[in-house]
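This report refers to the structure that appears directly beneath it.
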There are 2 protein chains.
Amino acid sequence: MKPETDARTDTRKKILDLAEVLMLSRGFNAFSYQHISGELGVRNAAIHYHFPKKTDLGVALIERYRRRFARYVAAQAELSPPLQLERYFTLADTYYDKQQICPSGILSAELHTLPPEMRQCTASFVEEMRAWAIEIVRRGQASGAMRYVGTPEGMGTIVFAAMQGSLQLARLDGSALDEVKQQIRLLLGMTQA
Amino acid sequence: MKPETDARTDTRKKILDLAEVLMLSRGFNAFSYQHISGELGVRNAAIHYHFPKKTDLGVALIERYRRRFARYVAAQAELSPPLQLERYFTLADTYYDKQQICPSGILSAELHTLPPEMRQCTASFVEEMRAWAIEIVRRGQASGAMRYVGTPEGMGTIVFAAMQGSLQLARLDGSALDEVKQQIRLLLGMTQA
DNA sequence: GACACCTTACTGACCAGTAAGTAGAGTCGC
DNA sequence: GCGACTCTACTTACTGGTCAGTAAGGTGTC
């Protein structure tokens, strides 16, 4: 065992986990180090030890998201495009159940108030997610499992944008998310309407 | 002339106008009375005179939006559905040019940090916008100018969600908005692809 | 004794909100 | 046609709370 490494990793990870929940439900600007330290049973300065500036915490949060997302994409690379899309839908349901929105949604909404370092990696993160959505519908079209008008770029982008938007709308009207998911299936020719 | 009424209306309106710009670019939580009073050349307490609590300002902002939206809808009720949709696209372009996002986007993203009174009228506002999007595609389908799979509810909701999402994404990648607009036209059968 | 991982104790900035006072313009009695 | 009153639309001056961030010290482990 490596207790000191474990302790470091442990507290650091707990901070990130709590910050993530807070960011996805309240936004980056609307949570403070107090929210985290209070929940964690440590002092405010303990958070500053691991993440000197709040910007550092924000960047770490996004970078962790990017790594997680890359693993997520790689892990189900061999799945069929329609199945990948359904997994994406399930992920959105998970956010909805926790009354959260997706990271790209909150980050792009708050963009103008974020420190430059965070804007930078947000841009990379969002670009990766959009590229992934495009790739799904491109492969879906190539395999014949999906049929739609327009380009994979157009269709992938609208799927991504609609999912981000509907997750936000679902906070006000729970039916929005299901409605959009079903409509996407129809637009991709994945069901017999 | 009624000078006293003019003065009242004038400052009050200027406050609302500035608050609107600030909310659509930074979010409701990320602007302060200082931002407004500084720009306006008055003291902080002057804003509090017109809007005692920030919540009052927020509610007034949303209610004004609802009235404006109702007029907007009424004013172009006789236009053809495809033309109404194009007007909607133009409106989105206006937001994009100003580096803003749509009110429903910022309000639903920040929802959990908003005072209850604001959540209430946000819900009404978003419901009205969504209903309007549904109505456009419903009438478009009925007139034969739009053809699509699924229900008007599904299609209207996805159009609304996708526009909201793409306006946010467009802050990071300017092509997202145009891509989504074009894809919506295709999905509604409004162009010959 | 060096280092990781905290603590206590603090600073200065900003925030919404309030209380009390004031300038000016309109109104009314006379 | 002039003083007294009133109301609107502010001002100055302040409070208490929250915020990110820092400095210096302590404690346990290798």
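Chain identifiers are assigned alphabetically (A, B, ...) following the order of the sequence lines, protein sequences preceding nucleic acid strands; residue numbering begins at 1 within each chain.
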Quiz item: Are I36(A) and L57(A) close enough, and set up right, to give a side chain to side chain contact (heavy atoms under 4.5 Å, CB included), and what steps lead you there?
Solution: CA-CA 12 Å; I36(A) 302 172; L57(A) 174 57; 3.9 Å; yes

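Heavy-atom neighbours of E127(B) CD from other residues, nucleotides or ligands within 6.0 Å: at or below the threshold of 12. In Q120(B), the CD atom is not crowded: 12 or fewer heavy atoms of neighbouring residues, nucleotides or ligands sit closer than 6.0 Å.
Nearest nucleotide to the Q34(B) side chain, out of dA16(C), dT11(D), dT7(C): dA16(C). With dC6(C), dT8(D), dT8(C) as the choices, the nucleotide that has an atom nearest any side-chain atom of R43(A) turns out to be dT8(C).
The CD1 atom of I47(A) sits 12 Å away from the C1' atom of dC5(C) (whole-angstrom rounding). Straight-line distance from the CZ atom of R12(B) to the C1' atom of dC10(D): 16 Å, rounded to whole Å. The distance from atom CZ of F28(B) to atom C1' of dA16(C) is 11 Å, rounded to the nearest whole Å. For F31(A) and dT18(D), the CZ to C1' distance is 15 Å, given to the nearest whole Å. Rounding to whole angstrom units, CD1 of residue I36(A) and P of dT18(D) are separated by 17 Å. Taking atom CD1 of I15(B) as the reference point, atom P of dT8(D) lies 16 Å away to the nearest angstrom.
In this structure, the side chain of Q182(B) does not engage the main chain of G154(A) through any donor-acceptor pair within 3.5 Å. Between the R138(A) side chain and the P152(A) main chain, no donor and acceptor come within less than 3.5 Å of each other. Proximity of a side-chain donor or acceptor of Y88(A) to a complementary backbone N or O of M163(A) within less than 3.5 Å is not detected.
Considering only side-chain N and O atoms, T11(B) lies nowhere under 4.0 angstrom from the phosphate OP1 or OP2 of dA9(D). In terms of phosphate contacts, H50(B) brings a side-chain nitrogen or oxygen within less than 4.0 Å of OP1 or OP2 of dC10(D). A close approach under 4.0 Å does not occur between any side-chain nitrogen or oxygen of S32(A) and OP1 or OP2 of dT18(D).
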All N/O pairs under 3.5 Å across the protein-nucleotides 17-19 of chain C interface:
{"residue": "dG17(C)", "atom": "OP2", "partner": "K54(B)", "partner atom": "N", "Å": "2.6"}
{"residue": "dG17(C)", "atom": "N7", "partner": "H48(B)", "partner atom": "NE2", "Å": "3.2"}

